[in-house]
Protein chains: 2
Amino acid sequence: MDKYSDNLDQLFGALSDSTRRDILTRLCQGPASVSELKEPHAMALPNLLKHIHVLESSGLIETQKQGRTRVCVLRPDALSATEAWLQEQRQLLHARFDRLEDYIETLKAQSNKEKDDDSAA
Amino acid sequence: MDKYSDNLDQLFGALSDSTRRDILTRLCQGPASVSELKEPHAMALPNLLKHIHVLESSGLIETQKQGRTRVCVLRPDALSATEAWLQEQRQLLHARFDRLEDYIETLKAQSNKEKDDDSAA
DNA sequence: TGAATACTTATCCATTTGGGTAACTATAGG
DNA sequence: CCTATAGTTACCCAAATGGATAAGTATTCA
């Protein structure tokens with residue numbers, strides 16, 4: 001269907017939950033362990049871990065085990081695919097409005113031509 | 001949680017399905033009826049209608065009944081909330097890197113100062 | 001009026017999602 | 001070695017999601 005459809009489902013799906021968006025926002029300030037990420041959230045750790053897995057398998061974050069703690073990091077190019085898609089939509093819209101403007105110009109030109117024809121007659 | 005959390009769930013959720021993204025892409029080229037939107041998709045009409053409802057209740061599109069056909073239109077400001085969120089994340093990242101740069105500068109300055117102290121001693 | 005068109009509603013179903021608890025493993029510290 | 005800590009795994013559950021079909025309504029057209 002579209003160029004990125006292989007992982008845009010996962011990407012937008014990962015972003016569709018406020019807990020996960022919170023985690024991403026937190027990670028913008030630097031790496032954090034699972035419990036650090038859990039701290040502001042009421043939910044139990046296993047559930048938060050699930051969110052982390054979703055984020056990781058969508059490619060938005062990377063994690064690594066260090067001793068008994070797991071450190072989570074935002075992937076630098078994390079949001080670029082979603083931004084690219086949005087950008088593409090914006091361009092399609094622009095293209096359409098450009099065509100509409102051309103069409104309106106055509107109508108104007110025709111209208112003028114008809115006036116000329118009238119005065120010529 | 002975050003400024004837009006009331007409808008970002010719905011917005012990103014709506015974008016997390018390729019059928020719905022296809023519909024949006026199609027609507028970038030102008031209004032379309034339900035059957036026109038269905039045409040490229042194998043699925044049955046009632047299912048496609050569900051997708052249209054999801055898009056409508058997320059605020060991404062508007063629809064209107066004209067006779068027996070329903071016309072769907074992209075809302076002009078459709079993607080702005082999602083773009084705003086992405087923009088915000090990008091700024092947070094930038095802010096962080098700026099702080100990192102400041103920190104590195106501080107380290108450099110300290111290092112130079114220590115050298116000065118050494119040569120002074 | 002009668003038939004075709006364009007949705008619309010109502011159900012059904014398997015799978016996924018997002019929450020929960022209980023029990024387990026692996027590491028760090030005393 | 002023993003215990004607390006930090007994750008992890010294994011389940012359970014209700015609700016949501018994305019597909020299906022069957023039957024209904026409202027317009028349009030001949």
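Here is how names work: the chains are called A, B, and so on, in the same order as the sequence lines, proteins then strands, and each is numbered from 1.
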Nearest heavy atoms of B:Ala32 and B:Leu37, plus distance in Å: CB-CD2, 3.8 Å

Quick one: [X] [atom1] to [N] [atom2], roughly how many Å, whole number?
X: A:Lys38; N: D:dA6; atom1: NZ; atom2: C1'; answer: 13 Å
X: A:Asp17; N: D:dA15; atom1: CG; atom2: C1'; answer: 14 Å
X: B:Leu45; N: D:dG18; atom1: CG; atom2: P; answer: 17 Å
X: B:Met43; N: D:dT21; atom1: CE; atom2: P; answer: 12 Å
X: B:Asp9; N: D:dA15; atom1: CG; atom2: P; answer: 19 Å
X: A:Leu48; N: C:dG20; atom1: CG; atom2: P; answer: 10 Å
X: B:Leu37; N: C:dA6; atom1: CG; atom2: P; answer: 13 Å
X: A:Lys50; N: D:dT9; atom1: NZ; atom2: P; answer: 13 Å

At what distance, to the nearest 0.5 angstrom, does NE2 of A:His51 lie from OG of A:Ser18? 8.5 Å

OP1 or OP2 of [N] versus the side-chain N and O atoms of [X]: is any pair under 4.0 Å?
X: B:Arg68; N: C:dA4; value: no
X: B:His53; N: C:dT8; value: no
X: A:Asn47; N: C:dG20; value: yes
X: B:Lys65; N: D:dA26; value: no
X: A:His51; N: C:dT17; value: no
X: A:Arg70; N: D:dT8; value: yes

Expected output: side-chain A:Glu88 to main-chain A:Trp85 donor-acceptor under 3.5 Å: no

B:Val34 vs A:Pro46, nearer the 5' end of DNA chain C by closest nucleotide: B:Val34

Return the 5'-most residue of the pair A:Arg20, B:Glu36 with respect to DNA chain C, ranking by each residue's nearest nucleotide. B:Glu36

Under the side-chain contact (heavy atoms from CB on, under 4.5 Å) criterion, do B:Lys38 and B:Met43 qualify, and how do the steps go? CA-CA 8 Å; B:Lys38 190 231 152 297; B:Met43 100 187 43; 5.9 Å; no

Between B:Leu79 and A:Arg90, is a side-chain contact (heavy atoms from CB on, under 4.5 Å) present by the stated rule, with each step listed? CA-CA 9 Å; B:Leu79 297 167; A:Arg90 214 180 307 139; over 6 Å; no

